[in-house]
Structures are given as structure tokens and as C-alpha cells.
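Since the structure comes first, as C-alpha cells, the remarks are kept for the end.
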Amino acid sequence: MSEISQIKSETLKIAQKYLPERRFLLAILQDIQRHYNYLPAEAMKTVAQYLNVPLVKVCGMATFYKAFSLTPKGKYIIKVCDGTACHIKGSLNLLSEIETILGIEPGETTADGLFSLETVACIGACGLAPVAVINDEYHGNLTPASLRQILQQYQGGIEDAK
Amino acid sequence: MQNKKTIFVCCGTGCQASGSMKIYQTMQKIISKLDLDVEVVADIKKTGCHGLCQKGPLVHITPQEITYIHVKTTDVQEIIERSIIKDEVIDRLLYFDKQQNAKIQSKNDWSFEKKQFRIALRHCGCIANDSIDDYIAKGGYQALEKVLKTMTPQEVIDEIRKSSLRGRGGGGFLTGLKWSFAAKAQGDIKYVICNGDEGDPGAFMDRSIMEGDPHTVLEGMAICGYAIGANRAFLYIRDEYGLAVENMKKAIADAHARGVMGQNIFGSGFAFDAEVVRGGGAFVCGEETSLIHSIEGSTGEPTSKPPFPANQGLWGKPTIINNVETWANVPVIISKGADWFASIGSEKSKGTKVFALVGKINNTGLVEVPMGIKLREIIFDIGGGIEKKRKFKAVQTGGPSGGCIPESKLDLPIDYDSLIAEGSMMGSGGMIVIDDRTCMVEFARYYLKFLSEESCGKCVPCREGIKSMLKILNDICEGKGQEGDIELLEEIGSMVKANSLCGLGKTAPNPVLSNIKNFRDEFEAHIKDKRCPAGVCKNLTKLYIDQEACIGCGLCAKSCPTAAISGEKKQPHVLDEAKCINCNSCRERCAVDAIRVH
Amino acid sequence: MQIIINGKTYAANPGEKILDVARRNGIEIPTLCHSEALPGLASCRLCMVEVHENGRTQYVASCTYPVADGMEVFTNSEMIAARRKILLALYNLIAPDSARIKGLLARYHVEPFDRLEADPDSKCILCGLCVKACEELGTNAISTLNRGTKKKIGTAFNEPAADCIGCGSCAIICPTQAIEMTEAEGNRTIWEKTFELLRCRDCGEYFTTPESLEHVRKKLGETVGNIEELQLCNYCKTKRAATRLKDGLHLDEYLDSDK
Ligand SMILES: Cc1cc2nc3c(=O)[nH]c(=O)nc-3n(C[C@H](O)[C@H](O)[C@H](O)COP(=O)(O)O)c2cc1C
Ligand code: SF4
Ligand code: SF4
Ligand code: FES
């Protein structure tokens, strides 16, 4: 099966968990995002057809909500909390440290596809501010130095070490 | 079984972030291993947030009432051996209360807890968050039963009106009044919505309630459904709140299984059903018309009011939207009565409010206090004062829609109206404590940057006004501020507030305007002297080490990422300005405050 | 029902908006996003007025705020004028070349900001009229994309608009002429897609695209009385109708249906 027709059939399977009603557009896109880590164009076309919603409106949704990305994300998604508590405890310094080490800004992915960087609003762990979450693993009370160490572990391929 | 011991492991997000799931798993493993030869049965319950997240993971044991903080997996064996089997207290794991200057056995006696009064958070941390049995054992769903069996819809609305409950989502609109509009609106299909979008970047109380006590929200919504004649409900929950979504879905399923949701509830003929809608990640979707469009499957762009949702909401039908915390108050008001509720709080703001007390404060966490409590009590009695004994500067409330309350207003009684009078807002209840190391210009810039990304972009005052104001603030923070900037910010700001379409734009300039009002000198220092007094704006900061104060411990040098600090042990150190990138790491580390700002 | 505008009393009908009553009576309220055919956008925020109602003073968008008996409206208070100036100065930053914006700046004596630089490449004020027009037609070839300060109008994946029928409604309705539509040698290019143009049966001028014609035909289905009329430009259509009127024939709905 070609890649395109595979995406089509996979997407259709995801979409068909919901009735073909406009109100499920957000939920279906969320499931697709979760499945692929981004929204492939072909998938968006399939959903547009399934729900009978104009394609351009699907694009509007996909670019309006922060949950979606139109390009593939990295293997590790670094979410630096820039909630208010983390902000006043130095989350900007964490971001500039990441930029120094990995050369990416929020919203970008490293060329090797290993890391994506995002900022998130409060994740409710203010007691540990500043906080970053790397693929669901929380790291609290960070300093630029401790963050550097953590990133090095991921660069060394620690995915199984956790 | 009498005196059955129960271990509560806090599994709120804060505690999970510090590893409470591992504690829970280890605890379970050891308990089941010992099961055969030990007589004590321990029940480990996953509970929602206790509030004091900073001290997590928290473990609480009943009936002895022992609370342990910062528990590690290596402590688990000892806790079971000593506290469960032998009834001993492990001193090492107790909380040291600075105000009382003693180690305290039970969380109930922490100073952090003493001035609190819990209604919305009443169950969080003391019932299993995934058990409908626990909720029912604590009297859950009795309010719904009372309403369905003994009250008319009008009586329910009257009771809520009499309680003077105001919406906890920010605006503080009278809940009972809003319900009466929807009740009067024509139409046989009506809807109830729970606003669980919680977009304020400094608040997390709604998440705790949804995670820790999902049934109270459902019960509140069902009561409203009966009162206004709605049979269907939607809970719009931030998708990032995975645990809240999961617990809420399970709660709905369990409620169906128990017959407290579905057809013919309590034999009354009343039917009610709810479903969860995951939010797409947009602050503006907390705004009610925007949230409605999002549920309908569109982009979350607000539309003009009127028509108000109570008359024309979801799919054009009369719709009641309330905040999570508002819903959590409803069953209690019905059970304990409007008079009881109205006896708590201040004259025009009744009941309690949950605040997320965070920032430069000793005790970080969720606190629920009666309305009208003084700011000073929250910050110093409950919060234990400013971290590292620094100087209190201000407290920010209302998040991106609010403003700062300066030190001179520490004795302000906190309620909806007093905060608005100060140019701030209750908002969703974020309370960020700020010390002298926070730059008020940069802080205003932070919120505006947030809003520039979160504005839906539909209307020009908000989109372009925020963009222009942000441009000016960026300039000021980079040292490119000009004479007249402050006045221009004020002018644009007041237009944006007046002309914007929705609440986001109407409040967006608040953080800037309030900081200008209270800390104008800091803005002027940036613009005229090209100096950031707090040492935050990198272009305007020069650090140096006070040679008198430095004790030569070397901590600063170790923390510096660019090796800009050097010196002999026990000798005053020096900082090389050329290498310094102003990250402030050294300043945070120095125990004697020897690193200063020029 | 009556309302008072700037001290004078006017008749109003339930369901009307303040702007409707003002316009009918020649009272000036500036607007950018309002179109009688596509009301309700309320995005330009230029039409703000002060309303005194039930003892409360509110500042509202006159294009969407419904009239109520006895309400008092002010369209030109000092406050309104001051805020309008600031707002128009912001418009000048995003559409500095637009004739409509220039006219408004002159009309209301607005000094442009010298502290903030206008973007010479920017034309669109994101009023949303074009999207609404395209939606109303049922073509849905364009939409708003992104949000906040990055918001823009565009096509799916920013590619040449697949669903566009080249009718040009968006370009015509745009208050700032931000949508590029060029016509040359019998072709029309819009949204990076080029269409062949048809000539009017009567006068021979180019007037529309075959895709637009097909769209209208499909939409009207069986009800269309005279296919031939569709193949006329607006001018000739009116001319024929006028002739028919003169001949005592009835002017039919299809005259409006091609809006
Ligand atoms: C930009 C914006 C964001 C909002 N975010 C939230 C939110 O996250 N949660 C919430 O409950 N209300 C939020 N609100 C308030 C809601 O619009 C609405 O007033 C509230 O949900 C009503 O419930 P209440 O009366 O119980 O407070 C927001 C309002 C605006 C304008
Ligand atoms: S005020 Fe801001 S968020 Fe609200 S409609 Fe206007 S642009 Fe959108
Ligand atoms: S292109 Fe024109 S009509 Fe469309 S949103 Fe921009 S200004 Fe309005
Ligand atoms: S005419 Fe644009 S907001 Fe009213």
C-alpha cells in the first residue's frame, strides 16, 4: 500500500470511531495528532470528506488550536512550563539554555528529529517551579545546569533507562 | 472492619510530578507481600490534590492522622513497618511548621491548613478520586436526591439565588440569576456546560477538583439540569489535563451504572446525561461563546453578546455554562442550605474561593479561604511568608486579565469587588507572589506575549492593540524605550479595553495598566536610566559581587554556565561582566545575597 | 418602538440593530466590517457607541447591539472620538495604503503614530467579510488560518484554491482591496488560480468564469427559469429586465438571485 493510501485508511479508521457529525471534528483531529504526532495533509483531507466539512475549515481548525502541528514532531517533546510561577522562577533561562544546546526555539524540532521544543501554560506543578516535561516525565526545580545534564541523558538515548 | 487503616497517597499532578505513582506502586507491592502474616489491612487510595504540592509526594494515614511529606520509595518499607504495623510516628518525615516552630503530626494542624475553609475542595485528598462509593459514603448525590424528590425547579433556583453564589470562573456573575434566565428561555432542548478549560497560566484548582472529586461536578450539573430543564451536559476539559479527562469519563460511567445519571434518576422521571469534550488548547476557548463554538466543532472565535448563552447558546439552544469550582459548590449549598452558605464570606461575595498560591512563597499550593480574608493572612499565615526571607513586592491576581496588588494593600480584604476596585480581578484564582527580583515591566510583557499568542485575532483592537503594546514593552525591556511610551501604553490600553469584542481583549491591558499604576518608577528606570532595578532584563542589567558581603563559598562560580565567576576559596569572588549572560543562576545560589545589580 | 440617538427620537423596529436605525436616518457611524448582505461580524470595532439603558451606561458595537424601547444612544461623545482616533491609528499600521482607511483618517482628523511603524506590505485588516462571502456562496475556498497576531486569510494548505470558482466576490467585498484579482487576455487570476473568462451574450464583455456560472446553475437547480439570462453580465441583465418591465412582463426573482 502506498503511504498515502495507508494514511487514508488509518485515518478513516480513527474517524469512524465517531459519527460523521461536525462536532466531532476537534476530537478526530486530536486522535490523529496523537497517532502520528502531527496532522498529515492526507489525513486532513480524509477527515474533511468523512465529515463533509470544507477542507479549508479543517485547515483553519488545525492552525487555530495549539494541540495540532502540521509538521512531524521530534522523538522527545520537551515542554517547558511557562506558567506564571515558572516564568518568575526563570523558565526563560531554561529556554535560552535549550536554544544554546540544541539550537531550537519553541515550536521547532531539531534537524535529527530527536527533540521538539514547546512552551506550555501552567501544568499545575508550580510547587516544583521551574518545570519541564519531556515525554510525560516531569523534571522540577530546574536550573540551566541541571537541564543540560538531563538533555545529555536523552541525547545518549536513555529512553529505556527511565 | 473497625479501625481499618487507610493510607492515602496523593496522586495529584503536583505529587505525581515528584514521583508519587512510584510510591503508590511500591506501597501496594509491599502490602500485598505482607498480606499473609500481617493483621493490618491497608487500603491505598489514590487521592486528588491535598494542596501543599511543594511538599509532595504526600502520604496520609488514617485513623491515626499522620501526614508524611517528601516521601521517597525507600521510605515505604519503613512507613509500613512502623506506622501501619506498630502505630509509630516517623519523626523524620513530618512537616516542620515554621510558624509554630515544631514538627506537626497531622496535616490538619499545619498552619497552612488552619485558616483554610474547604467547600469546593472538601473531598480532594480524602476520598479515592476514582471511587463513586467513597463519594456516596461522604454524602454524595444526596443533594441531587433531595432536589429531585422534594424540590421544584423554581425552588432550586431560589435556593441558589438566596445563597448569592457567584461564578468562580472569573466574572463573578450571580449563578442563580443566570440559571433563572435559562429556565425562563423558551425551548424544550437546553444544555448545561462545565467550563474546565482553565487557561490562566497560573491556576490549577479546576484541575484538582476534576481529578480529585469528579462526582461533585457532575452532581452540581445535574441539579442545574433539573432546575432549568436540561437533560444533556458537556464538560469541556483541557486536553493537557489527561488525568482530569480520564477521571471525569470514569465518573460519568460509574454514575450511569449507579443510576444517578441516565433515565429516571431516583425514580423521579428526570433524565440527565453528560459527555466529555477535550479542549484543543486555546486560552480564548475559556470565553463562553468561544467555548460553545469549539464544542460545535469550529474554531474558538467569540461572537457578540447579546444573545447570551442562557438564551441562545450551544446549537442556538438555551445553555448554562459554569466553572468547575462553581459546580463544586452547588451540591453543598443544596445540602447545607443557602443560609449556611451565605453566612460565610464578605457582604457581596459569599462562600469561599480557591487560590493557587504560587511564586516566591514558602508554601506553594492550593488554598481555599473564606471570601473577605485579608491578603496578609493568605500570604503570611497560610503561605508562610516570602521564600528565602526576601522582600515582598506584590501579588498578582486574575492572571492575564488581572493586575498586581502592591505591598501597601496587604490588608485588603479579598473579594470580587475589592480586587476590581484595585484594577485587578478575581479571575480564576491564580495568586502569584512576587519578590524584589521580579521585574514588573517584564512581568507585564510576559502576560502580553501570552495574550498575543492566545487572542483569537478576530477583532482589531485586541489583535493589533496587543501587538503594538507588546512591541513597545519589548523595546522598553531591551533598553529601547522612549519618552512618552508609558502614556502611549495607557492610551492604547484603554481603547483596547473599551473596544474589544470579548472578555479577552476587554481585560488584556490590565496587567500592563496595573503595573504602570503601581510601579511607574520601574518603567521610568527602564526608559530613562536604561536600568532594570530587579536585574531581570538582560540588556539593562549588570551584576557584580559585593566584596564586603562575599564569603567566598564558591557556590556562584559552580552555578555559572559561562564560567564568568572566579576566586579563591574563602576569598571574595569576582564576576567578569564580559562573560556574564545575566542568567541570574549565581544570584539564586548565593546564600548571603552578595551578588548585586548595578 | 422608539430610540433616542444624540438627543433626537427615532422610530425603530424590534430585532433591528442600532446601526440600522442610525443609517436609515442618515446619522454617521463609521464601519469597516459591516455589510448589509453579510451582517454580524462585529470585528472592526469602529462602530462603537454609548448606550444608556435601564440606568446603565454601556459601550457597545452598534452593528450587533439590538435596539430596545426608550434606549438612549450617543454616537459622538468625546470618549468615543478619542478611542476612535487611537483605533484608526492602529488601522493605519496594518493597511497604510488603503484608500478607505486614508479617508477615515482624514475624516476623523487622526494623527498617525510616529512611535510605531506601519507595515507597507500589509493590506488585510482581517475583517472577515471575504470569508463570510465565500461561506455564504457555499464554496468555502478560503478561511481564516492561525490565530492571534499570526492570523491571516488563506486557502487550504496555502495552495492554489482548489474549491475557488473565481467569482471574485471576496475581492469585491474587501474594504481595503487586499485580495489580489487580476484580469488579462480573457483570464482572471485569484488565489493563485487562473480562470478563463466568459463573454456576455449581449454586449460581448468578459464578465464571469464558467465555474461560477456552473455553481449558480447547480445551486438554482430546476428553479432557474431562463438559463440564457445567466449568461449575461449584470448590466445587460438589468437592461433586458427593464425592457421586459416596460413590456409589462414581471420582473422575476432571478434578478436578485445572482447576488
Ligand atoms: C478569555 C477568557 C478566558 C476565560 N477562561 C475561563 C476558564 O478557563 N475557565 C472558566 O471557568 N471561565 C473562564 N472564563 C469565563 C467564562 O467566559 C465564563 O464567564 C464562565 O465560565 C462562567 O462560569 P461562572 O459563572 O461559573 O464563573 C474566561 C473568560 C474569558 C473572557
Ligand atoms: S477581543 Fe481578542 S480574543 Fe476576543 S474576539 Fe477580539 S480578537 Fe478575539
Ligand atoms: S481580505 Fe479584505 S475582506 Fe478579507 S478579511 Fe482581509 S480586509 Fe477583510
Ligand atoms: S461595523 Fe465592524 S464592528 Fe460594527
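Because the structure is predicted, anything quoted here is derived from the model rather than measured. Below, read A as the first sequence line, B as the second, and so on, with proteins coming before strands; counting in each chain starts at 1.
- Only the side chain of B:E454 comes within contact range of chain A, with heavy atoms under 4.5 Å apart.
- Within 6.0 Å of atom CD1 in A:I4, 12 or fewer heavy atoms from other residues, nucleotides or ligands are found, so the atom counts as exposed in its surroundings.
- Using a 4.5 Å cut-off between heavy atoms, B:C456 touches chain A through backbone and side chain atoms alike.
- Heavy atoms of B:K55 lying under 4.5 Å from chain A are absent altogether.
- Neither the backbone nor the side chain of B:A356 comes within contact range of chain A; no heavy atoms are under 4.5 Å apart.
- More than 12 heavy atoms of other shown residues, nucleotides or ligands fall within 6.0 angstrom of atom NZ in B:K393.
- Residue-environment remark: NZ (A:K73) exceeds the threshold of 12 foreign heavy atoms within 6.0 Å.
- More than 12 non-hydrogen atoms from other residues, nucleotides or ligands lie less than 6.0 angstrom from CD of A:E42.
- Residues A:H87 and B:I432 are not in side-chain contact: their nearest non-hydrogen atoms beyond the backbone lie 4.5 Å or more apart.
- The pair A:R23-B:E275 meets the salt-bridge criterion, since a charged nitrogen lies less than 4.0 angstrom from a carboxylate oxygen.
- Chosen from B:C560, B:P400, B:G279, B:C439, the residue pairing most often with chain A at heavy-atom distances under 4.5 Å is B:G279.
- Using a 4.5 Å cut-off between heavy atoms, A:A27 touches chain B through backbone and side chain atoms alike.
- Contact annotation: the side chain of A:N93 approaches that of B:C583 to within less than 4.5 Å [non-hydrogen atoms, C-beta and beyond].
- For a residue to count as touching a neighbouring chain, one of its non-hydrogen atoms must lie under 4.5 Å from one of that chain's; by this rule B:T299 touches chain A with backbone and side chain alike.
- Ranked by heavy-atom pairs shorter than 4.5 Å toward chain B, the options A:V133, A:L128, A:L25 are led by A:L128.
- Between the side chain of B:Y447 and the main chain of A:T84, no donor-acceptor pair closer than 3.5 Å is present.
- Neither the backbone nor the side chain of A:L29 comes within less than 4.5 Å of any heavy atom of chain B.
- The environment of CG in A:N52 is sparse: at most 12 heavy-atom neighbours from other residues, nucleotides or ligands sit within 6.0 Å.
- Contact of A:N141 with chain B is not made at all, since no heavy-atom distance falls under 4.5 Å.
- When heavy atoms are compared at a cutoff of 4.5 Å, B:I295 approaches chain A solely by way of its backbone atoms N, CA, C and O.
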Test side-chain contact (heavy atoms from CB on, under 4.5 Å) applied to A:R22 and B:S298, step by step: CA-CA 8 Å; A:R22 171 82 187 236; B:S298 296; 3.5 Å; yes
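- For the pair B:Y446 (side chain) and A:I88 (backbone), a donor-acceptor distance under 3.5 Å is absent.
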Residue pair B:I581, A:E97: steps toward the side-chain contact (heavy atoms from CB on, under 4.5 Å) verdict: CA-CA 11 Å; B:I581 55 167; A:E97 182 70 10; 5.7 Å; no
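- Interface residue B:R238: only side-chain heavy atoms are found under 4.5 Å from chain A.
- By number of non-hydrogen pairs under 4.5 angstrom with chain A, the leading residue of B:G359, B:G300, B:G399 is B:G300.
- Residue B:E296 touches chain A through its backbone alone, counting heavy-atom pairs closer than 4.5 Å.
- In terms of heavy atoms, B:G280 sits closest to A:Y65 at O-CB, 3.3 Å.
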Residue pair B:E588, A:T143: steps toward the side-chain contact (heavy atoms from CB on, under 4.5 Å) verdict: CA-CA 10 Å; B:E588 288 304 313; A:T143 60; over 6 Å; no
Pair A:F64-B:V284, side-chain contact (heavy atoms from CB on, under 4.5 Å): steps then yes or no: CA-CA 11 Å; A:F64 184 89; B:V284 69; 3.9 Å; yes
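- Counting only heavy atoms from C-beta outward, the side chains of B:V358 and A:K89 never approach each other to under 4.5 Å.
- Of the charged side-chain nitrogens involved, none lies within less than 4.0 Å of a carboxylate oxygen, so that A:K66 and B:D239 do not count as a salt-bridged pair.
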